[in-house]
Amino acid sequence: MKTSRLHPVWLIGVFVLASLGSALGQGCFNWMIPKYSTYATHSTDGTRIYTSVLVDGTTGGSCSQSGGCDHCNQIMTPTPVHTPRAYNKLGSTGGWSIGAAHSWNEYITEENDQNIVATHGVNYTFNASTNVLCSVAGCFSCITNPIVTLRIADTDYIFNGTSLDTCEYLLYCPNGNTAATCGGGHDRTLYTGLRGILRMSELSSHSRPGGKWSMPLCRERRLCKHSDQLQLEDV
Amino acid sequence: VSNPSEERKARQLSFLRTAGLGDSDIQAVVPVLAKFKSQYAYLIERYNRSVVIAKARGATPDVATFLRKREELVQSTRNALGTVLSTNGMTSFHAHVQREKTRMKVVAKEGQ
């Protein structure tokens with residue numbers, strides 16, 4: 001007959017969990033003050049889409065009986081550690097990145113960068129989350145951002161004349177929709193003699209299911225920029 | 001950032017162009033940002049060392065001083081950007097930072 005044995009590590013684990021359970025039940029982690037920031041952003045150079053997800057910060061506070069915790073020795077031995085984690089999934093690329101574990105009140109930071117070569121006009125999802133995992137309190141400072149859909153949008157602008165040292169372009173709408181207006185003038189630099197149709201590759205995004213893209217078919221005034229020459233399309 | 005990979009260079013260029021900076025402004029801003037990054041990393045490293053020392057002494061680490069120095073670093077970097085960027089470049093950069101703030105989340109107030 002096979003005898004059932006309990007593994008000592010499991011027993012220790014149960015004991016620790018039971019102790020922490022009573023500590024948690026008494027709000028023994030309320031004294032920890034999370035001070036974390038997260039940042040999720042994206043960009044394009046017309047060929048690739050770049051995304052970054054970052055978490056950064058520390059935890060303040062101090063465990064004390066007067067603070068309502070009778071189990072500080074149990075909680076603080078060994079010293080709890082915090083591990084920053086950042087999730088960056090762009091299309092089918094990426095996932096979690098896990099930073100170094102540090103003592104709970106040290107300053108921690110983790111950045112997860114991804115990029116893909118993107119086909120113009122094709123949608124890619126950008127999924128970003130961050131959290132800090134506390135060795136005794138579990139998921140700490142957990143943030144999940146709404147899923148964002150990204151695509152590189154090609155938009156044509158047509159030359160509309162010059163004024164002093166600037167040239168002006170209007171959004172070139174193949175469907176003839178010029179009644180609506182959006183935005184207004186963008187940046188301005190010295191006149192560079194651009195003519196014809198200027199093709200801009202810009203990143204459009206929306207984060208709501210069924211939401212509209214930020215690059216509508218409408219009339220938009222745009223002043224030329226030096227860097228736009230790189231996107232110039234022959235007439 | 002002293003020897004960034006090609007991917008990191010391309011990434012940085014993409015984000016700086018998105019911020020509305022032209023070629024000359026980008027050339028000027030890259031070393032300022034590199035200096036910020038290295039000084040920020042140094043501040044963090046120094047603070048984390050102070051946490052270890054404070055723990056050994058049974059003291060509380062001085063997070064307020066760290067946060068003040070971090071704020072000073074941000075301010076001095078902004079001043080440096082104002083010096084090296086064109087007027088239009090600084091305006092675009094500032095507007096970009098304001099837009100990007102919608103993508104930043106703070107879990108709790110610093111210095112709470």
Side-chain angles (χ1 to χ4, degrees), chain A residues 32-62 76 79 100 102-109 113-115 128 130-132 140-143 145 148 186-190 202-203 205 207 225-230, chain B residues 5 7-26 37 40-41 43-52 54-55 58-64 66-67 70 86-89 91-93 95-97 99-112:
Chain A
M32 279 191 180
I33 304 168
K35 303 172 182 178
Y36 295 96
S37 304
T38 73
Y39 177 40
T41 189
H42 49 261
S43 179
T44 186
D45 56 12
T47 302
R48 291 178 175 272
I49 294 176
Y50 299 91
T51 53
S52 291
V53 180
L54 186 135
V55 58
D56 177 279
T58 185
T59 301
S62 59
M76 302 306 285
T79 302
H102 284 260
S103 177
W104 65 277
N105 54 354
E106 288 185 34
Y107 200 92
I108 53 179
T109 180
D113 294 336
Q114 301 295 335
N115 78 81
T130 59
N131 62 50
V132 174
F140 207 65
S141 184
C142 307
I143 289 184
N145 289 315
V148 177
H186 287 218
D187 307 298
R188 169 187 171 282
T189 60
L190 294 179
E202 299 180 84
L203 201 60
S205 67
S207 58
K225 294 160 58 181
H226 183 65
S227 58
D228 289 345
Q229 289 178 89
L230 297 173
Chain B
S5 67
E7 191 276 338
R8 290 204 70 81
K9 281 183 185 173
R11 169 183 295 276
Q12 185 178 48
L13 188 62
S14 167
F15 277 96
L16 291 175
R17 285 211 188 288
T18 302
L21 300 185
D23 291 344
S24 58
D25 277 334
I26 287 173
K37 186 167 183 176
Y40 187 42
L43 268 184
I44 292 172
E45 185 192 336
R46 202 169 62 169
Y47 174 69
N48 285 347
R49 276 206 309 266
S50 79
V51 171
V52 174
K55 185 189 169 197
T60 305
D62 186 4
V63 70
F66 166 74
L67 295 175
R70 190 182 67 172
S86 66
T87 305
N88 286 341
T91 303
S92 297
F93 192 82
H96 178 71
V97 170
R99 283 194 302 271
E100 287 295 289
K101 281 186 176 178
T102 61
R103 294 173 179 162
M104 301 174 192
K105 294 189 173 94
V106 179
V107 171
K109 278 193 105 173
E110 299 284 9
Q112 186 180 347

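Bear in mind that the values here come from a model prediction, so they are computed numbers and not experimental data. Order of the sequence lines fixes the chain letters, A, B, ..., with proteins taken first and strands second; residue numbering starts at 1 for each chain. These values consider heavy atoms only, across backbone and side chains, with no hydrogens, waters or symmetry-generated copies.
Proximity of B/Thr60 to A/Ser62: side-chain heavy atoms (C-beta onward) are nowhere separated by under 4.5 Å. The shortest distance between side-chain heavy atoms of B/Val63 and A/Lys35 falls below 4.5 Å.
With a threshold of 4.5 angstrom between heavy atoms, B/Ala54 does not approach chain A through any atom at all. Residue contact with chain B, scored on non-hydrogen atoms closer than 4.5 Å, is absent for A/Thr47. Of the atoms belonging to B/Tyr47, it is side-chain heavy atoms, and not backbone ones, that fall under 4.5 Å from chain A. For A/Thr38, the parts lying under 4.5 angstrom from a heavy atom of chain B are both the backbone and the side chain.
Across B/Asn48 and A/Tyr107, no two heavy atoms sit closer than the pair OD1-N, 2.6 Å. B/Val106 approaches A/Ser37 most closely through the heavy-atom pair CG2-OG, 4.0 Å.
The structure places OG1 of A/Thr58 at 8.0 Å from CZ of B/Phe66, a figure rounded to the nearest 0.5 Å. To the nearest 0.5 Å, atoms CZ (B/Arg11) and CG (A/Asn115) are separated by 5.5 Å.
Side-chain polar atoms of A/Thr79 and B/Lys55 form a donor-acceptor pair below 3.5 angstrom.
Scored by the side chain to side chain donor-acceptor pair (under 3.5 Å) test, B/Ser86 finds B/Asp25 as partners (sequence neighbours excluded). Taking the side-chain contact (heavy atoms from CB on, under 4.5 Å) definition, one finds that B/Val97 meets it with B/Phe93, B/Lys101, sequence neighbours left out.
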A/Tyr50 and B/Thr18: CA distance, side-chain angles, deciding distance, side-chain contact (heavy atoms from CB on, under 4.5 Å) verdict: CA-CA 11 Å; A/Tyr50 299 91; B/Thr18 302; over 6 Å; no

Dump the intermediate steps for side-chain contact (heavy atoms from CB on, under 4.5 Å) on A/Asn145 and B/Arg103, then the final yes or no. CA-CA 9 Å; A/Asn145 289 315; B/Arg103 294 173 179 162; over 6 Å; no

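B/Arg17 places no side-chain N or O within 3.5 Å of a backbone atom of A/Thr44 that could act as its donor or acceptor partner.
Of all the listed residues (A/Thr130, A/Val55, A/Thr51, A/Leu54), the one sharing the greatest number of non-hydrogen pairs under 4.5 Å with chain B is A/Thr51. In terms of heavy-atom pairs under 4.5 angstrom with chain A, the leader among B/Arg49, B/Glu45, B/Met104 is B/Met104.
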